[in-house]
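One structure is given here, and the rest of the page talks about it.
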Amino acid sequence: MKVAIMGYGTIGSGVAKVLDTNKDIISERLGEAIEIKYILDLRDFPDDPHADCFVKDYMDIVKDEEIKLVVETMGGVEPAFTFVKAMLESGKSVTTSNKALVADKGAELMKVAKDHDVNFVFEAAVGGGIPIIRTITACLTGDVIEEIAAICNGTTNYMLTNMEQYGSDYAEILAEAQALGYAEKDPTADVEGYDSCRKIAILTSLVTGKNVDFNDIPTEGISKISATDFKYAKSLGRSIKLIARSVKVGDTYACRVAPYMVKPDNMLYHVSGVMNAVSLKGNMLGESMYYGAGAGALPTASAVVGDLVFLARNVSKHVRIGWANEKIELASPEEERFRYFVRTSALQSNIENEFENAEYASLDLDDEVGFITPEMSESEFNERIAALGGIISVIRLY
Ligand code: HSE
């Protein structure tokens, strides 16, 4: 079975490494060897063990009928979309690790794959090495998934864990995460929650069978979380985690990415450092959680190679997973109900006027009060804090 790899960066070269290192066991399991025939990259790699496989024009791969399987590890929507579409249209199955591509064009590429009796799979796009996509699309097909709650960004989880452990402030820990190579030079996609937003959009599309537009998901990151927020969280016996969540509401889902204060009886409380975890609630299954390395060359490449074996077992046969291009209208974010932790410079008497039965946090800081509201809808909460004023920070409870 001859394959092509498009994009020889961290993940693409990791895929070659997994295929080389575990060549024998993969052949044994599949019943034939998987061999790299092409690697598409604009750069030259003269010292690479696969140096003779490099090409610079994706049409070289499209035109070669011997290639049935293609790996896309380029990242970004274009030109990845054009290349992947051309591969599917020429009868080749594709696996990608590219969450931006899957979140934006997944349903469309799935239709192209179906029309050409091939497959488009993306195990590595969410949760890196955690096999969450196949868990949802194969193992849990007997369940209605009623809730997904995920820590699906390693960079921000690393930062929050360190802020909690060392009492560091956001800017300090971001600089450290960048120095260690966890956070990108431009960390916006991670720290503002956009990466988690795309991942929960993909997972929610798979559980609904319709297309979730990631632009419809209210998304807050961690850039406003401070060391003082963590002091309050600690005094309340909680931690702060960036959680991507989808909850079934009638025939649709309410989706949100935001930092939440989490109690120790929630399994996500215990997910620390760069690790990821996805918790699912099925109407038959109950709760289950999947935990592991959500990023990194080899865990992600391991998921890509698992996909390659799946694709090799299903050449010329489209395996339906039920992801239609029809857009799903998500539940109104304004109707979602939470308890909220609030820091404000307002007077306690004014807090009592706006929020009866508030629970106060005892941090005894000058010039501010921290309290937890009773449960209420987002719209009601927003009206009340606008009336209260002096808001320093707000974190939802989960
Ligand atoms: N930037 C992502 C993270 C990489 O930190 O989790 C994996 O998608």
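Indexing begins at 1, ligand by ligand and atom by atom, following the structure's order. Computed from a predicted model, the values in this text were never measured in an experiment. Note that the numbering runs from 1 along the sequence shown for the chain.
The environment of Asp367 atom CG is sparse: at most 12 non-hydrogen atoms of other residues, nucleotides or ligands sit within 6.0 angstrom. Atom CD of Glu28 is surrounded by 12 or fewer heavy atoms from other residues, nucleotides or ligands within 6.0 Å.
The hydrophobic clustering, which links ILVMFWY residues whose side-chain heavy atoms are closer than 4.5 Å, places Leu101 and Met6 together. Both Ile391 and Val369 belong to a single network of hydrophobic side chains, linked directly or stepwise wherever heavy atoms of I, L, V, M, F, W or Y lie under 4.5 Å apart.
Of the protein's heavy atoms, Asp190 OD1, 2.9 Å lies nearest to atom 1 (N) of ligand 1.
Taking the six-membered ring for Trp and thresholds of 30 and 60 degrees, Phe338 and Tyr340 have ring planes more than 60 degrees apart, a perpendicular arrangement. Between Tyr8 and Phe54, the angle of the ring planes goes over 60°, which puts this pair in the perpendicular group of the 30/60° scheme.
Between Thr155 and ligand 1, an N or O atom pair is found at a separation short of 3.5 Å. Residue-to-ligand polar distances place Gly154 within reach of ligand 1: an N/O pair is separated by less than 3.5 Å.
With ligand atoms numbered from 1 in the order given, ligand 1 contributes 1 (N), 2 (C), 3 (C), 5 (O), 6 (O) to contacts under 4.0 Å with heavy atoms of Asn153. Listed by number with element, the atoms of ligand 1 under 4.0 Å from a non-hydrogen atom of Lys199 are 6 (O), 7 (C), 8 (O). Within ligand 1, counting atoms from 1 as listed, the ones closer than 4.0 Å to a heavy atom of Gly294 are 7 (C). The contact set between ligand 1 and Ala295, taken as ligand atoms under 4.0 Å from a residue heavy atom, comprises 4 (C), 7 (C).
Contacts between Lys99 and ligand 1, counted as non-hydrogen atom pairs separated by less than 4.0 Å, involve the side chain only.
Of the candidates Val102, Asn276, Ile202, Leu206, Val126 forms a side-chain contact (heavy atoms from CB on, under 4.5 Å) with just one, namely Ile202.
In this structure, Gly128 falls outside the shell of residues with a heavy atom less than 4.0 angstrom from ligand 1.
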